[in-house]
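Quick note: residue numbers are just sequence positions, from 1. Counting starts at 1 for both ligands and their atoms, in listed order.
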Amino acid sequence: MYEDFLISLLETNIRKTMKRRQFTKTLALGTAGILSPFNRLIAQQADAIKITILYNNIECSCNLESSWGFSAWIEGKEIATLFDTGGDQDILWRNMQKKNINLDKLSNIVISHNHWDHTNGLGLILEKTGYKPHVFVIKKDIEKLKKEYPRAKIKSVLKPKPIADNLWTTGQLTKYFPTDEINEQSIIILKSNKVYLLTGCSHPGIVETVETVKSIFPEKTIELVAGGFHLMRKPKNGVKEISDALKGLGVINLAPSHCTGEKATEIFRNEWGSNFRSLELGAEIEI
Ligand SMILES: [Zn+2]
Ligand SMILES: [Zn+2]
(Lines give C-alpha, C1' and ligand atoms only; values in the text may rest on other atoms or scores of the structure.)
(Ligands and ions follow the chains in the order given, each with its own letter.)
Protein backbone atom coordinates (compact mmCIF):
# COMPACT_ATOMS: atom_id res chain seq x y z
CA MET A 1 0.00 0.00 0.00
CA TYR A 2 2.71 2.38 1.01
CA GLU A 3 4.55 1.67 -2.24
CA ASP A 4 1.36 2.35 -4.21
CA PHE A 5 1.00 5.64 -2.40
CA LEU A 6 4.61 6.59 -3.18
CA ILE A 7 4.19 5.70 -6.84
CA SER A 8 1.00 7.71 -7.14
CA LEU A 9 2.70 10.65 -5.41
CA LEU A 10 5.62 10.39 -7.82
CA GLU A 11 3.26 10.19 -10.80
CA THR A 12 1.39 13.26 -9.60
CA ASN A 13 4.65 15.17 -9.23
CA ILE A 14 5.82 14.09 -12.65
CA ARG A 15 2.47 15.11 -14.17
CA LYS A 16 2.80 18.51 -12.49
CA THR A 17 6.39 18.81 -13.74
CA MET A 18 5.38 17.86 -17.26
CA LYS A 19 2.55 20.39 -17.24
CA ARG A 20 4.92 23.08 -16.07
CA ARG A 21 7.42 22.01 -18.71
CA GLN A 22 4.84 22.27 -21.46
CA PHE A 23 3.94 25.71 -20.18
CA THR A 24 7.58 26.81 -20.34
CA LYS A 25 7.90 25.27 -23.81
CA THR A 26 10.18 22.50 -22.67
CA LEU A 27 12.22 20.85 -25.34
CA ALA A 28 11.42 17.29 -24.33
CA LEU A 29 13.79 14.43 -24.98
CA GLY A 30 12.84 11.71 -27.41
CA THR A 31 13.89 8.74 -25.26
CA ALA A 32 14.15 5.35 -27.02
CA GLY A 33 11.01 3.23 -26.93
CA ILE A 34 12.35 0.45 -24.68
CA LEU A 35 10.99 2.10 -21.54
CA SER A 36 7.36 2.10 -20.48
CA PRO A 37 5.75 5.56 -20.67
CA PHE A 38 5.90 5.88 -16.88
CA ASN A 39 9.58 4.87 -16.67
CA ARG A 40 10.32 7.15 -19.56
CA LEU A 41 8.92 10.09 -17.63
CA ILE A 42 11.12 9.20 -14.66
CA ALA A 43 14.16 8.91 -16.94
CA GLN A 44 13.42 12.28 -18.49
CA GLN A 45 13.05 13.88 -15.11
CA ALA A 46 16.27 12.29 -13.82
CA ASP A 47 18.56 13.83 -16.43
CA ALA A 48 16.72 17.11 -16.92
CA ILE A 49 18.83 20.24 -17.05
CA LYS A 50 17.41 23.60 -16.11
CA ILE A 51 18.93 26.99 -16.95
CA THR A 52 17.81 29.96 -14.85
CA ILE A 53 18.85 33.51 -15.73
CA LEU A 54 19.87 35.05 -12.40
CA TYR A 55 21.33 38.32 -13.61
CA ASN A 56 20.46 40.33 -16.66
CA ASN A 57 19.96 43.90 -17.80
CA ILE A 58 16.97 42.64 -19.81
CA GLU A 59 14.23 43.24 -17.24
CA CYS A 60 11.42 40.93 -16.29
CA SER A 61 7.98 41.51 -14.82
CA CYS A 62 9.12 39.36 -11.89
CA ASN A 63 10.43 40.20 -8.41
CA LEU A 64 14.13 39.99 -9.40
CA GLU A 65 16.44 43.04 -9.63
CA SER A 66 17.71 43.94 -13.07
CA SER A 67 21.14 45.49 -13.64
CA TRP A 68 23.86 45.49 -16.32
CA GLY A 69 25.53 42.10 -16.53
CA PHE A 70 24.84 38.41 -16.98
CA SER A 71 24.70 35.23 -14.92
CA ALA A 72 22.98 31.88 -15.46
CA TRP A 73 22.46 28.90 -13.13
CA ILE A 74 22.67 25.53 -14.91
CA GLU A 75 21.27 22.79 -12.73
CA GLY A 76 21.35 19.04 -13.30
CA LYS A 77 20.22 16.26 -10.97
CA GLU A 78 23.41 16.08 -8.89
CA ILE A 79 25.38 19.24 -9.51
CA ALA A 80 25.01 22.79 -10.70
CA THR A 81 27.23 25.17 -12.65
CA LEU A 82 27.18 28.95 -12.40
CA PHE A 83 27.96 30.67 -15.69
CA ASP A 84 29.21 34.22 -15.02
CA THR A 85 28.40 36.18 -11.88
CA GLY A 86 26.84 39.52 -12.92
CA GLY A 87 28.00 43.06 -12.23
CA ASP A 88 26.93 43.51 -8.58
CA GLN A 89 27.44 40.80 -5.97
CA ASP A 90 24.58 41.96 -3.71
CA ILE A 91 22.04 41.98 -6.54
CA LEU A 92 23.22 38.51 -7.62
CA TRP A 93 22.88 37.24 -4.06
CA ARG A 94 19.38 38.67 -3.60
CA ASN A 95 18.24 37.25 -6.95
CA MET A 96 19.67 33.84 -6.00
CA GLN A 97 17.70 33.85 -2.76
CA LYS A 98 14.49 34.85 -4.53
CA LYS A 99 15.01 31.95 -6.97
CA ASN A 100 15.72 29.51 -4.09
CA ILE A 101 19.12 28.58 -5.49
CA ASN A 102 20.76 25.73 -3.56
CA LEU A 103 24.46 26.64 -3.44
CA ASP A 104 25.29 23.23 -1.93
CA LYS A 105 24.95 21.85 -5.46
CA LEU A 106 27.42 24.32 -6.96
CA SER A 107 30.41 22.33 -8.30
CA ASN A 108 31.67 24.57 -11.08
CA ILE A 109 31.80 28.25 -11.89
CA VAL A 110 32.58 29.21 -15.47
CA ILE A 111 33.67 32.78 -16.20
CA SER A 112 33.15 33.64 -19.87
CA HIS A 113 35.63 36.54 -19.76
CA ASN A 114 37.15 38.98 -17.31
CA HIS A 115 34.75 41.91 -17.74
CA TRP A 116 33.25 43.41 -14.58
CA ASP A 117 29.65 42.72 -15.60
CA HIS A 118 30.46 38.97 -15.63
CA THR A 119 32.89 38.70 -12.70
CA ASN A 120 31.83 41.09 -9.93
CA GLY A 121 29.76 38.48 -8.07
CA LEU A 122 32.56 35.89 -8.04
CA GLY A 123 34.17 36.83 -4.72
CA LEU A 124 30.92 36.63 -2.77
CA ILE A 125 29.91 33.27 -4.29
CA LEU A 126 33.34 31.82 -3.49
CA GLU A 127 33.03 33.03 0.12
CA LYS A 128 29.51 31.64 0.49
CA THR A 129 30.61 28.24 -0.86
CA GLY A 130 33.88 28.03 1.15
CA TYR A 131 35.92 28.21 -2.08
CA LYS A 132 34.82 24.66 -2.96
CA PRO A 133 33.68 25.03 -6.62
CA HIS A 134 36.17 24.75 -9.44
CA VAL A 135 36.44 28.03 -11.36
CA PHE A 136 37.03 27.61 -15.10
CA VAL A 137 38.59 30.70 -16.66
CA ILE A 138 40.22 31.24 -20.05
CA LYS A 139 44.02 31.09 -20.14
CA LYS A 140 44.25 34.80 -20.99
CA ASP A 141 42.50 35.78 -17.71
CA ILE A 142 44.09 33.28 -15.37
CA GLU A 143 46.89 35.39 -13.89
CA LYS A 144 44.65 38.35 -13.04
CA LEU A 145 41.95 36.19 -11.49
CA LYS A 146 44.44 34.07 -9.52
CA LYS A 147 45.85 37.24 -7.99
CA GLU A 148 42.38 38.53 -7.17
CA TYR A 149 41.10 35.21 -5.72
CA PRO A 150 44.17 33.34 -4.40
CA ARG A 151 42.04 30.78 -2.52
CA ALA A 152 39.94 29.85 -5.56
CA LYS A 153 40.44 26.48 -7.33
CA ILE A 154 41.06 28.07 -10.69
CA LYS A 155 41.33 25.87 -13.79
CA SER A 156 42.70 27.09 -17.06
CA VAL A 157 40.73 26.71 -20.30
CA LEU A 158 42.37 26.85 -23.70
CA LYS A 159 40.88 24.11 -25.89
CA PRO A 160 37.27 22.84 -25.98
CA LYS A 161 36.75 20.29 -23.19
CA PRO A 162 34.12 18.75 -20.92
CA ILE A 163 33.56 20.46 -17.57
CA ALA A 164 30.84 18.23 -16.15
CA ASP A 165 28.37 15.62 -17.42
CA ASN A 166 26.74 17.01 -20.56
CA LEU A 167 28.57 20.31 -20.20
CA TRP A 168 31.47 21.57 -22.34
CA THR A 169 33.40 24.78 -22.78
CA THR A 170 34.07 26.03 -26.31
CA GLY A 171 37.63 26.75 -25.18
CA GLN A 172 39.26 30.15 -25.41
CA LEU A 173 38.03 31.92 -28.55
CA THR A 174 39.91 34.94 -29.84
CA LYS A 175 39.09 37.98 -31.93
CA TYR A 176 41.99 40.09 -33.15
CA PHE A 177 41.83 43.86 -33.46
CA PRO A 178 44.58 45.99 -34.99
CA THR A 179 46.22 46.68 -31.64
CA ASP A 180 44.51 44.25 -29.28
CA GLU A 181 42.72 40.95 -28.98
CA ILE A 182 39.72 39.86 -26.95
CA ASN A 183 39.12 36.34 -25.64
CA GLU A 184 36.11 34.51 -24.28
CA GLN A 185 34.61 31.05 -23.69
CA SER A 186 31.00 29.92 -23.96
CA ILE A 187 29.12 26.95 -22.50
CA ILE A 188 27.77 24.03 -24.52
CA ILE A 189 25.09 21.79 -23.00
CA LEU A 190 24.62 18.37 -24.58
CA LYS A 191 21.37 16.48 -24.58
CA SER A 192 20.80 13.44 -26.76
CA ASN A 193 21.74 14.48 -30.33
CA LYS A 194 21.25 18.19 -29.60
CA VAL A 195 23.49 20.98 -28.31
CA TYR A 196 22.49 24.19 -26.55
CA LEU A 197 24.93 27.12 -26.56
CA LEU A 198 25.00 29.77 -23.83
CA THR A 199 27.19 32.85 -24.37
CA GLY A 200 28.35 35.73 -22.14
CA CYS A 201 29.10 38.61 -24.56
CA SER A 202 30.27 36.74 -27.71
CA HIS A 203 33.10 39.27 -28.17
CA PRO A 204 34.90 36.88 -30.58
CA GLY A 205 31.67 36.91 -32.66
CA ILE A 206 28.46 34.91 -32.28
CA VAL A 207 28.85 33.36 -35.74
CA GLU A 208 32.46 32.36 -35.00
CA THR A 209 31.34 30.89 -31.66
CA VAL A 210 28.62 28.81 -33.32
CA GLU A 211 31.12 27.70 -36.00
CA THR A 212 33.35 26.44 -33.19
CA VAL A 213 30.45 24.49 -31.67
CA LYS A 214 29.72 22.97 -35.07
CA SER A 215 33.34 21.95 -35.51
CA ILE A 216 33.37 20.22 -32.08
CA PHE A 217 30.01 18.47 -32.59
CA PRO A 218 29.48 18.25 -36.37
CA GLU A 219 26.80 15.56 -36.07
CA LYS A 220 24.61 17.31 -33.51
CA THR A 221 21.71 19.69 -34.04
CA ILE A 222 22.26 23.19 -32.61
CA GLU A 223 18.90 23.44 -30.89
CA LEU A 224 19.41 26.78 -29.15
CA VAL A 225 21.86 29.70 -29.18
CA ALA A 226 21.24 31.97 -26.17
CA GLY A 227 22.96 34.84 -24.35
CA GLY A 228 24.77 38.09 -25.16
CA PHE A 229 25.70 38.61 -28.84
CA HIS A 230 27.30 42.09 -28.47
CA LEU A 231 25.72 43.76 -31.50
CA MET A 232 24.78 47.14 -30.03
CA ARG A 233 26.67 49.14 -32.65
CA LYS A 234 26.10 46.81 -35.57
CA PRO A 235 24.17 48.34 -38.51
CA LYS A 236 20.91 46.72 -39.58
CA ASN A 237 22.32 44.91 -42.63
CA GLY A 238 25.21 43.58 -40.54
CA VAL A 239 22.74 42.07 -38.06
CA LYS A 240 20.73 40.59 -40.93
CA GLU A 241 23.91 38.96 -42.29
CA ILE A 242 24.61 37.45 -38.87
CA SER A 243 21.02 36.21 -38.64
CA ASP A 244 21.33 34.52 -42.05
CA ALA A 245 24.72 33.04 -41.14
CA LEU A 246 23.27 31.50 -37.96
CA LYS A 247 20.41 30.00 -39.97
CA GLY A 248 22.97 28.71 -42.48
CA LEU A 249 24.85 26.99 -39.64
CA GLY A 250 21.63 25.12 -38.77
CA VAL A 251 20.70 26.92 -35.54
CA ILE A 252 17.08 26.03 -34.69
CA ASN A 253 16.14 28.52 -31.94
CA LEU A 254 17.66 31.90 -31.02
CA ALA A 255 17.50 33.72 -27.66
CA PRO A 256 19.51 36.96 -27.84
CA SER A 257 19.97 38.74 -24.52
CA HIS A 258 22.25 40.90 -22.32
CA CYS A 259 24.49 42.98 -24.67
CA THR A 260 22.82 42.05 -27.96
CA GLY A 261 21.21 45.50 -28.20
CA GLU A 262 17.54 46.42 -28.61
CA LYS A 263 17.65 47.09 -32.36
CA ALA A 264 19.50 43.86 -33.14
CA THR A 265 17.12 41.91 -30.88
CA GLU A 266 14.12 43.31 -32.79
CA ILE A 267 15.68 42.27 -36.10
CA PHE A 268 16.22 38.75 -34.76
CA ARG A 269 12.64 38.67 -33.43
CA ASN A 270 11.31 39.47 -36.92
CA GLU A 271 13.70 37.15 -38.71
CA TRP A 272 13.24 34.12 -36.47
CA GLY A 273 9.49 34.30 -35.82
CA SER A 274 8.32 31.38 -33.69
CA ASN A 275 11.96 30.26 -33.28
CA PHE A 276 12.82 33.46 -31.40
CA ARG A 277 12.93 32.99 -27.61
CA SER A 278 12.84 35.77 -25.03
CA LEU A 279 15.62 35.48 -22.47
CA GLU A 280 14.96 38.10 -19.85
CA LEU A 281 16.03 38.08 -16.21
CA GLY A 282 14.44 35.17 -14.34
CA ALA A 283 13.77 33.17 -17.53
CA GLU A 284 13.95 29.39 -17.14
CA ILE A 285 14.83 26.96 -19.89
CA GLU A 286 14.27 23.27 -19.23
CA ILE A 287 16.21 20.92 -21.44
ZN1 LIG B 1 32.24 41.71 -22.18
ZN1 LIG C 1 28.75 41.68 -20.83
Is the distance from the Zn ion (ligand 2) to some N, O or S atom of His258 under 2.8 Å?
-> yes
Please find the N/O/S atom of His118 nearest to the Zn ion (ligand 2) and write down its name.
-> NE2
Report yes or no: does His230 have an N/O/S atom closer than 2.8 Å to the Zn ion (ligand 2)?
-> no
Value rounded to 0.5 Å, distance of NZ in Lys146 from NZ in Lys144 | 15.0 Å
Counting backbone and side chain alike, does His203 bring an N/O/S atom below 2.8 Å of the Zn ion (ligand 1)?
-> yes
Closest approach to the Zn ion (ligand 2) by Asp117, given as the N, O or S atom name | OD2
Opening angle between ND1 in His115 and NE2 in His113, taken at the Zn ion (ligand 1), to 10 degrees | 90°
So how far is it from Trp168 CH2 to Leu190 CG, rounded to the nearest 0.5 Å?
-> 7.5 Å
Is a side-chain donor-acceptor pair under 3.5 Å present for Asn183 with Thr174?
-> yes
Check the side chains of Asp84 and Ser71 for a donor-acceptor pair under 3.5 angstrom, ignoring hydrogens and angles.
-> no
Would you sort out whether Ile189 and Ile49 count as a side-chain contact (heavy atoms from CB on, under 4.5 Å), showing the intermediate values?
-> CA-CA 9 Å; Ile189 300 164; Ile49 297 170; 3.6 Å; yes
